[in-house]
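Down below is the structure, laid out as structure tokens.
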Protein chains: 2
Amino acid sequence: MERTSRQRSLILEIVRNSRNHPTAEAVYAEARKLMPNISLGTVYRNLRQLTTAGSIRAVSFGSEPDRFDGMLDAHEHFVCLTCGTVYDIQPTLGHPHLPGKTVTNYRLDYFGSCEACTNK
Amino acid sequence: MERTSRQRSLILEIVRNSRNHPTAEAVYAEARKLMPNISLGTVYRNLRQLTTAGSIRAVSFGSEPDRFDGMLDAHEHFVCLTCGTVYDIQPTLGHPHLPGKTVTNYRLDYFGSCEACTNK
DNA sequence: CTTATTGCAAAGGCTTTGCAGGATT
DNA sequence: AATCCTGCAAAGCCTTTGCAATAAG
């Protein structure tokens with residue numbers, strides 16, 4: 001089964017404490033500050049493993065590199081098209097129903113301009 | 001400026017007539033039936049060009065290869081997690097408002113099981 | 001004629017993987 | 001002791017790009 005490792009714990013902590021929805025590369029950069037020998041492959045392996053295990057979530061917007069999210073409660077995203085920040089949003093949609101289909105979950109992303117960028 | 005070419009018109013037609021939200025590879029396979037010498041690079045170039053021009057749209061689910069969509073009216077998607085089919089859905093969400101943010105558009109994907117797959 | 005577009009192949013970005021050594025239970 | 005995990009480097013997948021030749025306006 002699964003074993004814990006210093007690397008895996010560190011990666012999990014980084015994703016959890018991050019509000020940036022970081023990419024693998026960003027997690028790697030952060031991890032190297034505390035563990036300079038950690039390899040990029042290990043970061044990818046663990047992000048994948050943690051995602052499969054359900055400890056974090058993978059989100060991707062358009063065709064940019066995958067981002068990771070330590071926030072597990074149901075939530076939506078708002079992407080500012082000016083500064084690129086991804087904000088977590090409280091669920092605005094109830095439990096969805098579609099005729100003839102069984103909906104188990106959904107994903108809702110809003111796009112636009114955030115407060116800071118609008119006031120410029 | 002832009003010039004039309006037999007390749008570009010064919011690619012546009014394929015995406016428009018397709019209900020599968022095809023990948024570049026799928027468009028390429030289809031295009032080769034009518035134009036056996038067309039190259040994959042040309043398919044990618046034109047899909048990108050048509051997307052930028054607003055003639056088609058790029059959609060991507062998770063980290064699979066990009067898919068393309070010739071349906072330009074506002075709509076949402078339902079992805080069947082069993083058979084992988086992507087269905088177009090009439091908009092269920094009105095014009096969204098979020099406090100402090102300017103929302104210009106949104107993307108809503110439902111996930112679950114389609115009618116055919118549920119009845120198995 | 002001018003220059004956007006093509007086919008081809010090579011290169012690029014992001015991610016996964018094989019391996020031998022090291023770490024965890 | 002058994003085996004999961006790591007670092008490293010090579011490979012993989014999807015996509016883009018440089019080039020000389022071709023085709024569109």
Which nucleotide sits closest to the side chain of [X]: [options]?
X       : options                : value
B/Thr4  : D/dT15, C/dT15, D/dA24 : D/dA24
B/Arg45 : D/dT6, C/dT6, C/dT15   : C/dT6
A/Arg48 : C/dT6, C/dT16, D/dC8   : C/dT16
B/Asp66 : D/dT15, C/dG7, D/dC8   : D/dT15

Counting only side-chain nitrogens and oxygens, does [X] get under 4.0 Å of the OP1 or OP2 atom of [N]?
X       : N      : result
B/Asn37 : C/dC8  : no
B/Thr42 : C/dG7  : yes
B/Ser39 : C/dC8  : no
A/Ser5  : D/dT6  : yes
A/Arg8  : D/dC5  : yes
A/Gln49 : D/dC4  : no
A/Tyr44 : C/dT15 : yes

### Query
Would you say A/Glu64 has more than 12 foreign heavy atoms packed within less than 6.0 Å of its CD?
yes
### Message
Is it the case that over 12 heavy atoms from other parts of the model lie below 6.0 angstrom from the CD atom of A/Glu13?
### Response
yes
Atom pair distance, as rounded to whole Å: [atom1] in [X] and [atom2] in [N]:
X       : N      : atom1 : atom2 : value
B/Glu64 : D/dC14 : CD    : P     : 10 Å
B/Arg67 : D/dC14 : CZ    : P     : 12 Å
B/Met35 : C/dC8  : CE    : P     : 13 Å
B/Tyr28 : C/dC8  : OH    : C1'   : 10 Å
A/Ile38 : C/dG22 : CD1   : P     : 18 Å
B/Ile11 : D/dT15 : CD1   : C1'   : 14 Å
A/Glu2  : C/dA23 : CD    : P     : 21 Å

### Query
Would you say the side chain of B/Arg3 and the base of C/dT3 hold a donor-acceptor pair, judged only by whether the two atoms sit under 3.5 Å apart?
yes
### Summary
The answer to which of B/Pro65 and B/Gln7 contacts DNA chain D further toward the 5' end, by nearest nucleotide, is B/Pro65
### Task
Anything under 30° is parallel, anything over 60° is perpendicular, the rest tilted; go ahead and classify B/Phe61 against B/Phe111.
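Perpendicular: the ring planes of B/Phe61 and B/Phe111 meet at over 60°.
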### Message
Taking side chain to side chain donor-acceptor pair (under 3.5 Å) as the criterion, tell me which of A/Arg16, A/His77, A/Arg57 meets it with A/Asp69.
### Response
A/His77
### Task
Scan A/Glu25 against the nucleic acid and name what it touches under 4.0 Å (heavy atoms): base, sugar-phosphate only, or nothing.
nothing
### Query
Do A/Val59 and A/Leu72 belong together in a cluster built from hydrophobic side chains that touch within less than 4.5 Å?
no
### Message
Which is more 5' along DNA chain C, the nucleotide nearest B/Arg6 or the one nearest B/Leu40? Just name the residue.
### Response
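In this pair, the answer is B/Arg6.
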### Query
When you measure from the side chain of A/Arg8 to the backbone N and O of A/Arg3, does any donor-acceptor pair fall under 3.5 Å?
yes
